[in-house]
Amino acid sequence: MHTDFSISDPAKAEKGIKRIEWAYAEMPVLQQLMARFSEERPLSGRRIGACLHVTTETANLMRVLKAGGAEVALCASNPLSTQDDVAAALVDHYDIPVFAICGEDNDTYYRHIDAVLAKRPEITLDDGADLISRLHRNTPELLPKMLGGTEETTTGVIRLRAMAADGALGYPVVAVNDAMTKHLFDNRYGTGQSTLDGIIRATNILLAGRTFVVVGYGWCGRGIAMRARGHGAHVIITEVEPLRALEATMDGFEVMPLLQAAPRADFIVTASGDKHVVDRHHLEAAKDGCVLANSGHFDVEINIPALEALSREVRTPRRHVQEYHLNDGRVLRLLAEGRLVNLAAAEGHPAAVMDMSFANQALAVAWIASEGRGLDHAVHPMPPALDAEVATLKLASMNIAIDTLTEAQQRYLSSWQEGT
Ligand SMILES: NC(=O)c1ccc[n+]([C@@H]2O[C@H](COP(=O)([O-])OP(=O)(O)OC[C@H]3O[C@@H](n4cnc5c(N)ncnc54)[C@H](O)[C@@H]3O)[C@@H](O)[C@H]2O)c1
């Protein structure tokens with residue numbers, strides 16, 4: 001039993017176990033990998049450090065990696081997303097050291113990352129690249145021993161590509177986010193459902209008939225817009241990329257600059273991966289009572305210092321809601337301190353979608369363990385065969401069969417001679 005961990009309350013373990021098992025039942029692909037990893041032990045003796053949202057689904061990924069023979073240590077990738085009962089269950093029941101407490105301050109957050117680095121991992125798992133960037137900065141002595149890492153989200157992949165472009169990336173990393181079976185489903189359907197879930201749990205405000213602005217029509221933004229429309233909201237998209245703006249238009253959404261949308265918005269939800277996309281001038285133009293929420297990775301999308309500067313008082317009428325009373329008399333309602341609303345105010349993505357994301361993670365880690373030192377110090381795509389394997393396993397788990405190409409069709413599709 002590990003004695004080195006940092007969690008809020010071990011007494012919460014019982015509840016955590018039940019919830020982890022509940023999620024596991026919704027993760028059939030991971031279940032199959034659990035059986036395979038237990039038998040083949042592809043990670044035997046490997047030390048793995050993970051910096052992920054500490055949720056029930058992550059707990060199941062940790063269990064699979066451990067079943068594969070790895071020694072695993074986990075810290076949080078966001079100070080507000082840790083499910084304390086899950087952290088307790090991992091420590092108490094599954095004997096996996098966890099360093100994560102919901103609501104931890106920034107110093108504790110980084111102290112917990114350092115605790116994982118102190119385990120001297122050879123493989124890292126990141127969601128946002130905080131662990132890997134801390135490793136490069138504070139414990140570079142680990143770099144020569146590193147086999148590789150994985151990255152779960154768009155923002156982390158962008159950071160890692162920037163590191164690679166600077167020649168600063170010290171080991172190979174797999175961009176799990178870029179697997180088709182990850183971002184097409186997790187970012188779109190997962191973020192779509194869980195973001196709406198977070199907003200509704202935090203506010204219990206009716207969405208039907210309201211104006212709902214989504215900032216950024218990427219994979220996450222598309223999902224949020226789709227689900228907000230399903231609730232009967234009038235959805236407006238703001239974008240900076242012409243192609244995405246055009247797509248949103250043809251998907252039937254109104255598209256306009258945020259400054260024009262803000263006075264009409266009952267909700268403004270960001271999913272851009274960009275900084276201060278809701279800036280001071282937007283806040284100055286925003287409609288009285290507007291709800292502000294973020295589903296992008298970092299809490300930089302809404303300019304919170306500007307919101308504070310414009311306000312005379314902040315009240316907390318409900319959990320996860322801060323009401324900013326502005327000097328001009330308007331009130332703006334910020335959810336979850338501008339952090340990932342789906343993880344802070346709800347439970348993150350449903351397990352059935354994380355099943356695919358984390359099957360990709362498990363397969364990527366096993367691939368790194370087999371290939372690691374032979375790979376360039378670059379950001380690698382998920383091997384397409386593994387991506388396809390996740391899709392095949394997921395379909396099978398849903399009892400969905402598909403057709404196969406005939407030989408004649410295969411020939412036709414690979415020939416150039418046949419025309420009209
Ligand atoms: N909440 C979650 O659980 C969750 C899940 C997956 C990804 N993410 C995070 O969500 C963010 C978006 O991810 P994605 O996969 O949708 O990325 P993406 O690159 O597909 O989409 C981002 C979009 O935002 C647009 N954008 C950038 N700056 C803008 C601005 N100033 N105004 C309007 N639009 C702007 C871009 O043009 C792009 O179309 C990232 O930070 C990612 O890490 C969160």
Side-chain angles (χ1 to χ4, degrees), residues 2 4-7 16 20 23 27 30 33-34 37 42-43 45-79 81-83 86-91 94-101 104 109-136 139 142 145-153 155-157 159-160 171-177 182 186 297 343 348-349 354 357-369 372:
H2 289 279
D4 181 21
F5 55 82
S6 174
I7 58 173
I20 291 167
M27 303 181 90
L30 214 57
L33 294 183
M34 175 75 99
F37 277 36
L43 307 174
R46 296 295 180 205
R47 289 188 306 278
I48 296 181
C51 179
L52 300 170
H53 299 293
V54 181
T55 63
T56 53
E57 297 81 15
T58 300
N60 286 314
L61 172 62
M62 296 299 107
R63 291 175 56 214
V64 170
L65 300 180
K66 192 176 174 200
E71 278 175 41
V72 188
L74 172 68
C75 61
S77 58
N78 185 297
S81 63
T82 297
Q83 297 171 3
V86 169
L90 279 170
V91 167
Y94 299 106
D95 197 20
I96 292 174
V98 178
F99 304 87
I101 297 171
E104 62 197 11
Y109 176 77
Y110 282 106
R111 212 174 48 246
H112 284 159
I113 289 183
D114 292 341
V116 167
L117 291 176
K119 304 274 182 197
R120 308 184 68 76
E122 302 159 289
I123 298 174
T124 53
L125 279 75
D126 258 293
D127 186 334
D130 277 348
L131 179 65
I132 188 169
S133 65
R134 187 86 169 170
L135 188 155
H136 278 71
T139 54
L142 295 181
K145 294 265 169 64
M146 293 304 298
L147 284 172
T150 66
E151 173 51 55
E152 170 76 6
T153 198
T155 286
V157 173
R159 288 179 84 187
L160 292 167
Y171 57 90
V173 182
V174 178
V176 167
N177 177 72
K182 197 281 181 179
D186 169 316
H297 188 77
L343 280 138
H349 296 356
M354 294 314 293
S357 307
F358 284 169
N360 276 296
Q361 283 283 5
L363 290 173
V365 169
W367 185 64
I368 288 165

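For clarity, every value in this text was computed on a predicted model and none was experimentally measured.
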Hits for side chain to side chain contact (heavy atoms under 4.5 Å, CB included) against Glu104, two or more places apart or cross-chain, chain-then-number order -> Ala76, Pro79, Ile101, Thr108, Tyr109, His112
Could you tell me whether the side chain of [X] and the main chain of [Y] form a donor-acceptor pair under 3.5 Å?
{"X": "Lys66", "Y": "Tyr94", "value": "yes"}
{"X": "Glu151", "Y": "Ala129", "value": "yes"}
{"X": "Asp126", "Y": "Asp130", "value": "yes"}
{"X": "Thr150", "Y": "Gln361", "value": "no"}

Derivation of the side-chain contact (heavy atoms from CB on, under 4.5 Å) call for Ile113 and Cys51: CA-CA 7 Å; Ile113 289 183; Cys51 179; 4.2 Å; yes
[X] versus [Y], closest heavy-atom pair with distance:
{"X": "Met34", "Y": "Ala67", "answer": "SD-CB, 3.6 Å"}
{"X": "Ala23", "Y": "Thr56", "answer": "CB-OG1, 3.5 Å"}
{"X": "Gly16", "Y": "Ala89", "answer": "C-CB, 3.8 Å"}
{"X": "Ser81", "Y": "His53", "answer": "OG-ND1, 2.8 Å"}
{"X": "Lys119", "Y": "Ala73", "answer": "CG-CB, 3.9 Å"}
{"X": "Leu74", "Y": "Leu52", "answer": "CD1-N, 4.0 Å"}

Can a side-chain donor-acceptor contact be found between [Y] and [X] if the only test is distance below 3.5 angstrom?
{"X": "Lys182", "Y": "Asn360", "answer": "no"}
{"X": "His297", "Y": "Thr155", "answer": "no"}
{"X": "Ser357", "Y": "Asp186", "answer": "yes"}
{"X": "Thr55", "Y": "Gln83", "answer": "no"}

Under the criterion salt bridge (charged side-chain N to carboxylate O under 4.0 Å, His left out), I'd like the reasoning laid out for Glu71 against Arg47: C-alpha separation, chi angles, the key distance, then a yes or no. CA-CA 5 Å; Glu71 278 175 41; Arg47 289 188 306 278; 5.6 Å; no
Atom pair [atom1] ([X]) and [atom2] ([Y]), whose distance is rounded to the nearest 0.5 Å:
{"X": "Met27", "Y": "Leu33", "atom1": "CE", "atom2": "CG", "value": "10.5 Å"}
{"X": "Leu125", "Y": "Leu65", "atom1": "CG", "atom2": "CG", "value": "6.0 Å"}
{"X": "Ser6", "Y": "Arg111", "atom1": "OG", "atom2": "CZ", "value": "7.0 Å"}

Of Ile123, Ile132, Ile368, Leu147, the residue whose pairing with Tyr171 passes side-chain contact (heavy atoms from CB on, under 4.5 Å):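 Considering Ile123, Ile132, Ile368, Leu147, a side-chain contact (heavy atoms from CB on, under 4.5 Å) with Tyr171 is found only for Ile132.
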Can you check whether [X] reaches [Y] side chain to side chain, under 4.5 Å on heavy atoms?
{"X": "Asp127", "Y": "Asn78", "result": "no"}
{"X": "Thr58", "Y": "Val54", "result": "no"}
{"X": "Leu142", "Y": "Pro121", "result": "yes"}
{"X": "Val98", "Y": "Phe5", "result": "no"}
{"X": "Val365", "Y": "Leu43", "result": "yes"}
{"X": "Phe358", "Y": "Asn60", "result": "no"}
{"X": "Leu135", "Y": "Met146", "result": "yes"}
{"X": "Thr153", "Y": "Val157", "result": "no"}

Report, as yes or no, whether the 6.0 Å neighbourhood of atom CZ on Arg134 holds more than 12 heavy atoms from other residues, nucleotides or ligands. yes
Under a 4.0 Å N-O cut-off, is there an ion pair linking Glu122 with Lys145?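 Judged by the 4.0 Å cut-off on N to carboxylate O distance, Glu122 and Lys145 do not form a salt bridge.
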Which residues pass the ring-ring contact (aromatic ring centres under 6.0 Å, His included) test with Phe99, sequence neighbours left out?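 With sequence neighbours excluded, Phe99 shows a ring-ring contact (aromatic ring centres under 6.0 Å, His included) to no residue whatsoever.
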